[in-house]
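As structure tokens, the structure follows; a few thoughts come after it.
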Amino acid sequence: MSDVVEKTLTALPSLLSLDSQPGSAKLSSNSKLGNLIRGITELTSKHEEEKLIQRELLLIKEQVSSPNTTMKQMKELMVRAIYCEMLGYGVSFSYIHAIKLAQQGNVLEKRVGYLAVSLFLNEGHELLLLLVNTVLKDLQSTNLIEVCMALTVVSQMFPKDMIPAILPLVEEKLNHPKEIIRRKAVLALYKFYLIAPNQVQHIHNKFRKALCDKDPGVMSASLHIYLQLIQENPEGYKDLAPSFVTILTQVVGGKLPMDFNYHSVPAPWLQIHLLRILSLLGKNDQSTSEIMYDILDESLRRAEMNHNITYAILYECVKCIYTIYPKSDLLEKAAKCIGNFVLSAKINLKYLGLKALTYVVQQDPKLALQHQMTIIECLDHPDLIIKRETLELLFRITNDQNVTVIVEKMLDFLRISKDDHTSMDLVGKVAELAEKYPYKCFSVCI
């Protein structure tokens, strides 16, 4: 049996509170779910899998409809139904039973019921209305686990028309003494903002309170909301720029708990969110940009090129530097960083460098001209995606001085290209450049 299957069978009992052998973390040999997974992995064709799953679904349907089935048994039946659904087989007959399990079971059974509902149903499903009262009851529960489960479901899927019914309860949870409840409440409000922004306009001040929360997880969750708000209205949140800079300074300085680190990099996804927010706030604003320069310089210095996640941080940092009001020494450092990307022997880094240059060109084509010879060399790379990105970039940086060289390179590539899509796209680019610079291109194209 493969290592993946072994790890799955080992993890399922603890994740879903299923029965396992005493003293063992693995599903017991007589577990029906374990037998199903093992049976599927031993099959040799899709046809055999379909026959096995159809037999399993008939058995599940019969048992969930039986009045003698206990909640404990229903819990395992739902997990088996989830597994079948994830393999692509319809289990619509079990949807109503998943809702009943979330409504009537104990904490462990409700957990599986809520999980099944979140996987089976979408926001527009009519059966979801049957869960509203259960969510309302669990949000008012004194059991933290039940409150967490209700908030999780609300943040994933909830009928838009029913938001006013639970909004006050979710707002209350922003003041809950437990940080996990506050964090889930913020994420639920973020979901509400995405699907019904007008219904949460009145609680923007509470978002600011979440941004200043003493728990980094709650603060981090609030950044999702602020990124969305600032994308829509940067001017309305300029006063928060110092706060975001302070947070990023603390993150880069390693002030957050070690739990937020990834491969020894301090809270990388939090850094990426903050850099995107700062780029929106500093665009075309000198005074706001000036307070960001020091931390952007520090971010470039600390994010060494030694891991994929630091590459992502550097990419966002470079984008931020080229988006905000320019500072010459920062631009030079960002350009050096891009050059290191493009010159890298790693395909992913080279592609990232080309994407960064494409972004830079959108801000000012002149900023990428210093890399034009390096870019042209990328046309000789064996990877087709790298070549396509290079051609797009060359087209964007073409001017009166370099048009002859670039069109020659494009035509050379066109002569050897075997990809129809790339060839058609390239012909269009050459034709557009010939129309824009007719005298320069005439001798090249004939």
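Note that the numbering runs from 1 along the sequence shown for the chain.
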* To do: Flag the pair Asp138 and Lys110 as a salt bridge only when some basic side-chain nitrogen lies within less than 4.0 angstrom of an acidic carboxylate oxygen.
  => yes
* Which atom names give the shortest non-hydrogen contact between Leu280 and Pro234, and what distance separates them? -> O-CB, 3.9 Å
* Asked: Are Glu392 and Arg396 ion-paired here, with the side-chain N under 4.0 Å from a carboxylate O?
  -> yes
* Counting distance only, does the side-chain N/O of Asn261 pair as donor-acceptor with the main-chain N or O of Ser264 below 3.5 Å? -> no
* Tyr351 side chain to Asp383 side chain, donor-acceptor N/O pair below 3.5 angstrom -> no
* Asked: If only atom types and distance count, is the side chain of Ser94 paired as donor or acceptor with the main-chain N or O of His97 below 3.5 Å?
  -> no
* Counting distance only, does the side-chain N/O of Ser155 pair as donor-acceptor with the main-chain N or O of Thr152 below 3.5 Å? -> yes
* Is the shortest side-chain N to carboxylate O distance from Glu179 to Arg183 below 4.0 Å? -> no
* Got a salt bridge between Asp215 and Arg182, using NZ or NE/NH1/NH2 to carboxylate O under 4.0 Å? -> no
* Smallest separation among heavy atoms of Ile195 and Phe158, with atom names -> CD1-O, 4.1 Å
* Asked: Glu171 and His202: side-chain donor and acceptor closer than 3.5 Å?
  -> yes
* Not counting sequence neighbours, which residues clear salt bridge (Lys or Arg N to Asp or Glu O under 4.0 Å) with Glu56? List them please. => Arg80
* May I ask you to decide whether Lys160 forms a salt bridge with Glu123, counting only side-chain N to carboxylate O separations under 4.0 Å? => no
* Flag, side chain of Thr398 to backbone of Leu394, donor-acceptor distance under 3.5 Å -> yes
* So, Gln271 side chain and Pro266 main chain: donor-acceptor pair closer than 3.5 Å or not? -> yes
* Stepwise, does the side-chain hydrogen bond (donor to acceptor under 3.5 Å, both in side chains) test hold for Gln156 with Tyr114? -> CA-CA 11 Å; Gln156 291 178 344; Tyr114 271 129; over 6 Å; no
* Asked: Is Glu76 paired with Lys32 through a side-chain N to carboxylate O contact shorter than 4.0 Å?
  -> no
* Asked: Are Glu50 and Gln54 linked by a side-chain donor-acceptor pair shorter than 3.5 Å?
  -> no
* Structure fact -> What one should report as the nearest heavy-atom pair of Met78 and Ala116 is SD-CB, 4.5 Å
* Can you tell me if Tyr190 uses its side chain to pair, donor with acceptor, with the backbone of Tyr226 under 3.5 Å? -> no
* So, for Tyr325 and Tyr293, which heavy atoms are closest and what is the spacing to 0.1 Å? -> O-OH, 2.8 Å
